[in-house]
2 protein chains.
Amino acid sequence: MTQDLFDSLIAAQKTKTEKQKKIIEIAIKLFADKGFANTSTAEIAKLAKVSEGTIFKHYGTKDKLLLSIILPFVKDSLPTMATEVFSEVLTEDTKTFEQFLTGFLKNRIEFFDRNKEIFRVFVKEIIYKDELKKEIAPHFIKNISLQISRVVEEFKLRGELKDKPTDQVLIYLMTVCGSFFVSRFVLFENYSISNEEVENFFPFVMDGRRNPLSEVSS
Amino acid sequence: MTQDLFDSLIAAQKTKTEKQKKIIEIAIKLFADKGFANTSTAEIAKLAKVSEGTIFKHYGTKDKLLLSIILPFVKDSLPTMATEVFSEVLTEDTKTFEQFLTGFLKNRIEFFDRNKEIFRVFVKEIIYKDELKKEIAPHFIKNISLQISRVVEEFKLRGELKDKPTDQVLIYLMTVCGSFFVSRFVLFENYSISNEEVENFFPFVMDGRRNPLSEVSS
DNA sequence: CAAAAAAGTGAGTGATTACTCACTTTTAAC
DNA sequence: GTTAAAAGTGAGTAATCACTCACTTTTTTG
C-alpha cells in the first residue's frame, strides 16, 4: 500500500457524517465479535440503519472499510504510546526496571481497555493479512522499538539489567507484554484484570526466583 | 458439543482412505494459510483432486471438517505434553526452575514445529469459536494445568520460587509460554528460532535483573 | 434562492458459497 | 463370483456475497 492511500484513509476520518460514524461503530463491533470474513456488508448496513450503497459510496470496498478502522488506530496509538512511555511511565519515581514495566503495563491496559474492540479487530486480522503486517511494522519500529530500546539501555547502565543484547531483550519484552494484552483482551474476552495481577506480573516474571541470600538471612 | 461427537470425530480418523488423507492434508494447509472462513470447500476439493461430494460424504459439513482436524490434535497433543513434562523434561538433572522451563520450551518447540500447520489452524480458529474454547478448556486443565501446578509447588518447596499463589503463577507461566509459541509460529511464520534465543529466554525472563550482590563482589 | 456537490438509497447483478442427490465405481464379505 | 456396503462423483441448487448504478434527498456554496 502506498503512503498516499494510508494518508487518504486517515484524512477521510476527519469529516464524518452521522451515518458514517454509525457504520464504523457497527463494523468495529461485528468485526471484533465475528471476524472480518464472517461479517457481511448487508449485516453492517442493516444494524447501522443505512443502505448498503452508503457503505460502498464512502469506503469503496469491504477491505478499505477494515483498513479505515485499523490504520487510524495504529497511526494514533503508536505515537501516543511512545510519548506516554517517557512522559507518564518513566518519571523520576521510576527506580527499577520492574517499576518501569509495571507502569508501562498499567498505562497500556488502560489504553487497550478503552480501545478494546478495535484492538480485537486488529489482532484478529493482522494474523491473516501479510500486507497489514508489512504496513504496520515500520510504524511499530519507529515509534515503539526505538523508545523502549533507550529505556533498556538506560537500565543496563544503571546496573539494573543483565548485559544481554538490546535487540534480543526487546524481542523478549514484546513477547511478554504482547501476550499479556492479547491473552487478556482477545483470548479471554471477559477476563477482568485485577490490580494485584498487574502489580505482581513483572515482579514475578522478571524476578520470580526466591533470592537465596535474603532467604538465608531471614 | 457432546462427548459422543467428540469421540466419533476422533474414531473417524482411525480408518482413512487415501482421498480422506489428502482432503485433510490440503484442508490443513489452506486453513493454516488463509484461514477457515477464507477457504472454500471447492478449493479444497480441487487441490486434493477429489470431488466436493467426497468431502461432504465424509465430513458432513465444513465445520465438522475443521473439528476433525483440531480435535484429534488437541486430544493427542495435550496428554503427550503432560507425559513428556515429567518423563523427559523433569529429570534428575533438572536442578533449577529455569532449567525446567527451558527444557519445557525446547521440548514443545520441537513438538509445535512438527505440527506447525495444525497449530496455526488451532490458534487462528480458537479466537473465533467460543464452542471450541469451552470444549478444549477442560482437557487443558486436566492435562496441563494439574501437571505444571505440581512442578511449581515442587520448586516452591525447594526454595527456587517465590511463594506466590500457584494459580496465579500458572497464569503467568502460560501467558509467557503461550506467547512464545504463538508469536514465533503464528505471527512471525517464517521466524527461525535460534537455540541461543531459547536458552536465554527464561534466564532473562525469570531473572533478568543483574544480581546486585554478585556485581559488588566482582 | 438556485445550482452544484455531496450523501444516501435499494433494487439488481454475476459470482461464489456450502451443501445435495441420483448415480457410478470400488472394496469387502460370504 | 455375486452381492451388499462403502467410497466417490459432478451437475445442480438456493442462499448469500460484495458491489453497482440510476436515482432521490440533503447540504453547501456563491
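By convention in this document, chain letters (A, B, ...) are assigned in the order of the sequence lines, proteins followed by strands, and residues within each chain are numbered from 1. Just so it is clear, the values below take in all heavy atoms, side chains as well, and ignore hydrogens, waters and symmetry mates.
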Pair [X] + [Y], salt bridge at N-O below 4.0 Å:
| X | Y | result |
| --- | --- | --- |
| B:Arg184 | B:Asp113 | no |
| B:Lys129 | B:Asp63 | yes |
| A:Arg114 | A:Glu110 | yes |
| B:Lys21 | B:Glu18 | yes |
| B:Glu25 | B:Lys22 | yes |

(message) With a 4.0 Å cutoff (strictly under), does any side-chain N or O of B:Thr17 reach OP1 or OP2 of D:dG8?
(response) yes
(message) Is there a side-chain contact between B:His58 and the phosphate of D:dA6, meaning an N or O under 4.0 Å from OP1 or OP2?
(response) no
(request) Locate the shortest heavy-atom distance separating B:Ala27 from B:Ile44; write the atom from each residue and the value. (result) CB-CD1, 4.2 Å
Between [N] ([atom2]) and [X] ([atom1]): distance, integer Å:
| X | N | atom1 | atom2 | answer |
| --- | --- | --- | --- | --- |
| A:Lys22 | C:dG8 | NZ | C1' | 17 Å |
| A:Tyr59 | C:dA7 | OH | C1' | 12 Å |
| A:Leu66 | D:dA18 | CG | P | 12 Å |
| A:Lys62 | C:dT16 | NZ | P | 16 Å |
| A:Glu18 | D:dT25 | CD | P | 22 Å |
| B:Gln20 | D:dA6 | CD | P | 13 Å |

(request) Residues of residues 37-46 of chain B with any non-hydrogen atom less than 4.0 angstrom from an atom of DNA chain C: list those, numerically ordered, please. (result) B:Thr39, B:Ser40, B:Thr41
So which protein N/O to nucleotides 9-14 of chain C N/O distances come out below 3.5 Å?
unit_1	atom_1	unit_2	atom_2	d
C:dT9	OP1	A:Lys19	NZ	2.9
C:dT9	OP2	A:Ser51	N	3.0
C:dT9	OP2	A:Thr54	OG1	2.8

(request) Carefully, step by step, assess B:Gln99 and B:Thr94 under the rule side-chain hydrogen bond (donor to acceptor under 3.5 Å, both in side chains). (result) CA-CA 6 Å; B:Gln99 268 175 24; B:Thr94 318; 5.4 Å; no
(message) Can you tell me which nucleotide in D:dA7, D:dC19, C:dA18 comes closest to the side chain of B:Phe56?
(response) C:dA18
(request) Have a look at A:Val186 and tell me which of A:Phe122, A:Phe181, A:Phe119, A:Phe112 forms a side-chain contact (heavy atoms from CB on, under 4.5 Å) with it. (result) A:Phe119
(message) Cation-pi check for B:Phe36 against B:Lys62: NZ or CZ below 6.0 Å from the six-membered ring centre and within 45 degrees of the axis, yes or no?
(response) yes
